[in-house]
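One-based numbering along the sequence shown. Worth saying up front: this structure is predicted, and the values here are computed from it rather than measured. When reading the values below, keep in mind they use all heavy atoms of this one structure, side chains included, and skip hydrogens, waters and symmetry mates. First listed ligand is number 1; within each ligand, the first listed atom is number 1.
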Amino acid sequence: MKRTDKVLLIYTGGTIGMGCNPMTGALEPLDFIHLIDNVPEFAYLKTEVDTYQFSPPIDSSDMSPEMWVKIVKLISERYDQYDGFVVLHGTDTMAYTASALSFMLENLTKPVILTGSQLPIGQPRTDGKENLVTSIELAAAHHEDGTAMVPEVCIYFSGKLLRGNRATKQNAEMFNAFNSFNYPCLCDAGVNFVFHEHNILKPDFSKPMIPHLEIDPSVFVFSLFPGIEENIVRHMLQMPDVRSVVMRSYGSGNAPHAPWLVKHLKEACERGVVIVNISQCMAGTVEMSRYDAGYQMKETGILSGYDSTAECAVTKLMFLQAKYDNPEIIREYMKRPLCGEITI
Ligand code: ASP
């Protein structure tokens, strides 16, 4: 595999590049130059780093499917010029972007590593420098034959490299902002990098990466809770623009024994709405046959989301809906892993 010894650093915004607004005292995104000036360590890196800034930089609460398409375009247009890509991104929606990119970059043979920080890079106790410098080194890491160590969309944070579509933001306060509850870590970055090769995807390095540039966001997410009202659920499932629904159920995929719930879910499935059952628990999988409260869900025609995160289920549906009109085809693809996102 031909190496370029270069990594492209893409800045979208997030805390890592933020500074204090003197009027309000609130953190707001700043320019890339400010960020680079705060990392003199760049000069000592073995890898050459080119930079690209989306303008204006954003708080990731403003992230959008249009922006995912722009990132995919940028990576695919420059794919051959770099050994890997690092995307600086706010932590709030990083897991959504990582999941979406994992589907939109098919047969990815190079690392795409998302990172950010809990404290801005200009602050003395920042976690941003370590996250940034380590992500660049991970994006450049390769085997002797030149192939990338981690040819996946990943999130790097606080010493752990996680599969992007398995990661979720778990902490708004501590430096270990992300966790991957249902899949082991891909690399531990301590004094040395310890890659867990058996956990890492093996793409076909002889085939090209295929970028997908369409997303259909007509998805809705709702959580079950004791006392949830029939009328609200009925209205939601009957909304004309909703093509798919992610239902966050209890435990291993359980729901209340309310005949109206079964009825409305069943009717929506029959109308062609794709409904995916994921658990409100962070860890574990949906197993609808385990309890009677889950078994009744099976009869409605809703699908198991297995051990998917909510971020992953939502973005996988958005990706599949843009490709297929037929709900049966979408259902079939939801049942299989496309890039290591579920364990079945
Ligand atoms: N609100 C920020 C963002 O997501 C939080 C962060 O970057 O950690 O952009």
Could you tell me which residues satisfy ring pair (Phe, Tyr, Trp, His ring centres under 6.0 Å) with Tyr183, sequence neighbours excluded, listed by chain and number? none
Looking at atom 8 (O) of ligand 1, what's its closest protein heavy atom, distance included? Thr91 OG1, 2.4 Å
Checking side-chain contact (heavy atoms from CB on, under 4.5 Å) for the pair Phe42/Leu132: CA distance, chi angles, key distance, verdict? CA-CA 10 Å; Phe42 261 44; Leu132 171 54; 3.8 Å; yes
Considering both backbone and side-chain atoms of His89, is one of its nitrogen or oxygen atoms within less than 3.5 Å of a nitrogen or oxygen in ligand 1? no
Who's the nearest protein heavy-atom neighbour of atom 9 (O) of ligand 1, and how far? Ser60 N, 2.7 Å
When you compare ligand 1 with Ser61, is there at least one nitrogen or oxygen pair between them that comes in under 3.5 angstrom? no
If you scan protein heavy atoms around atom 6 (C) of ligand 1, the nearest is Thr15 OG1, 2.8 Å
Show your working on ring pair (Phe, Tyr, Trp, His ring centres under 6.0 Å) between Tyr333 and Tyr324 and close with a plain yes or no. CA-CA 10 Å; Tyr333 280 115; Tyr324 305 105; 5.2 Å; yes
Within ligand 1, which atoms have a heavy atom of Gly14 less than 4.0 Å away? 7 (O), 9 (O)
Ring-plane angle category for Phe319 and His212, please: parallel below 30°, perpendicular beyond 60°, tilted otherwise. perpendicular
Contacts of Tyr11 meeting ring pair (Phe, Tyr, Trp, His ring centres under 6.0 Å) (sequence neighbours excluded), chain-then-number -> Phe32
Judged by non-hydrogen atoms, does Ser117 sit under 4.0 Å from ligand 1? yes
Specify whether Phe85 and Tyr82 have parallel, tilted or perpendicular ring planes, treating 30° as the upper limit for parallel and 60° as the lower limit for perpendicular. perpendicular
